[in-house]
**Q** 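Sharing a structure below in structure tokens format, with a few things to ask.
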Amino acid sequence: MRDLILASNAFYFSLKLNIVGDMRVSTQGQTRDGYSLKYQEEEINIYCEEQGFKT
């Protein structure tokens, strides 16, 4: 989760966002062609790290 700090006058609020990644493989061909669930999970984690999200 990533904290987003919002400031309004002297009041501070911390908003925590949950990030959800969706993984699925519809066919055996997708798994064979390198789009396995493990590959998708790794790509989602890389994207989250690049965006500064905690995984």
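Just so it is clear, the structure is predicted and the values come from calculations on it, not from any experiment. In what follows, every heavy atom counts, from backbone to side chain, and hydrogens, waters and symmetry copies are set aside.
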**Q** Could you list the cluster mates of Tyr39? Members are the ILVMFWY residues connected by side-chain heavy atoms closer than 4.5 Å, either directly or through other members.
**A**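 Cluster partners of Tyr39: Tyr35.
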**Q** Nearest 0.5 Å please: distance from the OG atom of Ser36 over to the CE atom of Met23.
**A**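 These two atoms lie 10.0 Å from each other.
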**Q** Using side chain to side chain contact (heavy atoms under 4.5 Å, CB included) as the criterion, list what pairs up with Ser26, not counting sequence neighbours.
**A**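 Testing Ser26 for side chain to side chain contact (heavy atoms under 4.5 Å, CB included), a comparison that skips the adjacent residues, returns Arg24, Gln30.
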**Q** Find out whether Ile46 and Glu50 are in side-chain contact, i.e. whether some heavy atom of one side chain is under 4.5 Å from a heavy atom of the other.
**A**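 Yes, side chains in contact.
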**Q** Between atom CG of Leu37 and atom CD1 of Ile44, what is the distance when rounded to the nearest 0.5 Å?
**A**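 Reported value, rounded in 0.5 Å steps: 9.5 Å.
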**Q** With a 4.5 Å heavy-atom cut-off, do Val25 and Gln40 have their side chains touching?
**A**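 Val25 reaches Gln40 side chain to side chain.
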**Q** What distance do Phe53 atom CZ and Asn45 atom CG have between them, rounded to the nearest 0.5 Å?
**A**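 Phe53 atom CZ to Asn45 atom CG measures 12.5 Å (nearest 0.5 Å).
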